[in-house]
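Okay, so here's the structure we're looking at.
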Amino acid sequence: MSFRVYPDRQWLNPFADGTPENPGGHKDVTWMRPKEGYRDLDARIWMFTDYYSLSPGMISQTPGKGAKYMIAFTDSDGEPLSGASNYRLHLPKDVPAANFWSLTLYEAENGSGLANGQPLPSRGSLDKPAQNPDGSTTLYLGPEAPAGKEANWLATPADRGYFTILRLYSPTEPAIDKSWKPGDIEKGWDSAGVTQ
C-alpha cells in the first residue's frame, strides 16, 4: 500500500488514498487489515508518533471542513532531511486552505517540535510570508536564512535530522481532489535563496 499523497511527490499520509466516499481510503481507521487478517501496528505507530491522534476531521473529505495533512521525511531525491543542508519548498498560489496553512518542523527522534532557536518551528499563512510575483510562496529551510528571505525561513540545527508536516486547515476542493500540489522539498540554494 502506498502512502504517497501524489504519485510524483515525496509527501506521505497514512490516509493518502482517501476519497469523499471513503475518507479512510483503503486504511481501516481501527488499523485492521481484514483481508490479510492483522492489525497494521507499523502504520498505527507512525500515525500516533507523528500526528499524536486520529479524529474524523483529520481525514475529512468535505471542502472547508477538518484538515489535510502531509508529511515529508525526505527531499525530492528521496534523501532524509538533514539540518546541515539548505532546502526550499515551493507552494503554488492559492494554497487550498480556507482557514490557514502551516509547515512545521519536527525532531526526527521523537516527533516533538524541532528545537531550532526560533520561537516556533513553523511558518504559515498566519505569519504572512512574502509571496512571489505569481502569488506562489517559497519557504526556505536551513542553518542560515538566505539574504532578505528571513520571513520565509525556518532554521534547522546543522547536527539534527528532522521531518516536516504541511497542514491545510479547512481544505478546499483543490486539496481534496489533489489538483493543487505542493512542490517537493528541494535541496540546495545559495545565500540569496537561488537554487544551486
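If you're wondering where the values come from, they're calculated on a predicted model, not measured in any experiment.
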> Where the side chain of Ser125 meets the backbone of Phe100, is there a donor-acceptor pair that is under 3.5 Å apart?
Replying inline: no
>> Hydrophobic clusters here meaning ILVMFWY residues chained together by side-chain heavy-atom distances under 4.5 Å, can you tell me if Leu12 and Trp31 are in one?
In response: yes
>> Tell me whether Lys178 at atom NZ has more than 12 heavy atoms from other residues, nucleotides or ligands lying less than 6.0 Å away.
In response: yes
>> Please tell me whether Phe3 and Ile45 are part of a single hydrophobic cluster in this structure, the criterion being side-chain heavy atoms less than 4.5 Å apart.
In response: no
> Do Pro174 and Ser179 come close enough that some side-chain heavy atom pair is under 4.5 Å?
Replying inline: yes
> Where do Lys68 and Arg167 land on the side chain to side chain contact (heavy atoms under 4.5 Å, CB included) test, with the steps shown first?
Replying inline: CA-CA 6 Å; Lys68 197 82 153 160; Arg167 292 179 173 85; over 6 Å; no
> Step by step, would you call Arg9 with Met70 a side chain to side chain contact (heavy atoms under 4.5 Å, CB included)?
Replying inline: CA-CA 11 Å; Arg9 300 286 194 272; Met70 51 194 94; over 6 Å; no
> Charged N to carboxylate O under 4.0 angstrom, Glu79 versus Lys187?
Replying inline: no
>> As an exercise, state the distance from CG of Asp94 to OG of Ser136, rounded to the nearest 0.5 Å.
In response: 10.0 Å
> Do Val95 and Leu168 touch side chain to side chain, with heavy atoms closer than 4.5 Å?
Replying inline: yes
>> Given 3.5 Å as the limit, does a donor-acceptor pair link the side chain of Arg4 with the main chain of Asn13, or not?
In response: no
> Between Trp11 and Ala72, what is the shortest heavy-atom contact and its length?
Replying inline: CZ3-CB, 3.5 Å
>> So, taking the atom named CG in Asn152 and the one named CZ in Arg123, what distance separates them when rounded to the nearest 0.5 Å?
In response: 8.0 Å
> What are the two closest non-hydrogen atoms of Pro143 and Asn86, and how far apart are they?
Replying inline: CD-OD1, 3.4 Å
>> I need the Leu166 CG to Leu89 CG distance, nearest 0.5 Å.
In response: 7.0 Å
>> On a heavy-atom basis, which atom in Pro92 and which in Lys181 lie closest, and how many Å separate them?
In response: CG-O, 3.2 Å
> Asp184 and Ser76: which non-hydrogen atoms are nearest, and at how many Å?
Replying inline: CB-CB, 3.6 Å
>> Please find the pair of heavy atoms, one from Ser60 and one from Gly66, that lie closest to each other, and give the distance.
In response: CB-CA, 4.1 Å
> Which atoms form the tightest heavy-atom contact between Tyr169 and Ser102, and what is the distance?
Replying inline: CE1-OG, 4.3 Å
> Can you find a pair of side-chain heavy atoms, one from Thr172 and one from Pro63, that are under 4.5 Å apart?
Replying inline: no
> Hey, mind stepping through Trp101 and Leu126 against side chain to side chain contact (heavy atoms under 4.5 Å, CB included) and telling me if it holds?
Replying inline: CA-CA 8 Å; Trp101 62 265; Leu126 298 178; over 6 Å; no
>> With a 4.5 Å cut-off on side-chain heavy-atom distances among I, L, V, M, F, W and Y, is there a chain of contacts connecting Leu91 to Tyr87?
In response: yes
> Between Asn132 and Thr138, does any side-chain donor sit less than 3.5 Å from a side-chain acceptor?
Replying inline: yes
> Is there a side-chain contact between Thr137 and Lys93 (heavy atoms, below 4.5 Å)?
Replying inline: no
> Roughly how far, to the nearest 0.5 Å, is NE2 of His90 from CG of Leu139?
Replying inline: 10.5 Å
>> Membership question, hydrophobic clusters at under 4.5 Å side-chain separation (ILVMFWY): are Tyr6 and Phe163 in the same one?
In response: no
> Can you tell me how far the CG atom of Leu154 sits from the OG1 atom of Thr164, to the nearest 0.5 Å?
Replying inline: 9.5 Å
>> Does Glu144, at its CD atom, have more than 12 non-hydrogen atoms belonging to other residues, nucleotides or ligands within less than 6.0 Å?
In response: no
>> Could you measure the distance from the OG atom of Ser85 to the CG atom of Asp75? Nearest 0.5 Å is fine.
In response: 8.0 Å
>> With clusters defined by side-chain heavy atoms of hydrophobic residues (ILVMFWY) lying less than 4.5 Å apart, directly or transitively, does Ile185 cluster with Tyr140?
In response: no
What donor-acceptor contacts under 3.5 angstrom involve side-chain atoms of residues 110-122, with partners at least two apart or in another chain?
residue, atom, partner, partner atom, Å
Asn110, OD1, Ser112, N, 2.9
Asn110, OD1, Ser112, OG, 2.8
Asn116, OD1, Gln118, N, 3.0
Asn116, ND2, Gln118, OE1, 2.9
Asn116, ND2, Ala155, O, 3.0
Gln118, OE1, Ala155, N, 3.0
Gln118, NE2, Trp153, O, 3.4
Ser122, OG, Leu103, O, 3.3
Ser122, OG, Thr104, OG1, 3.1

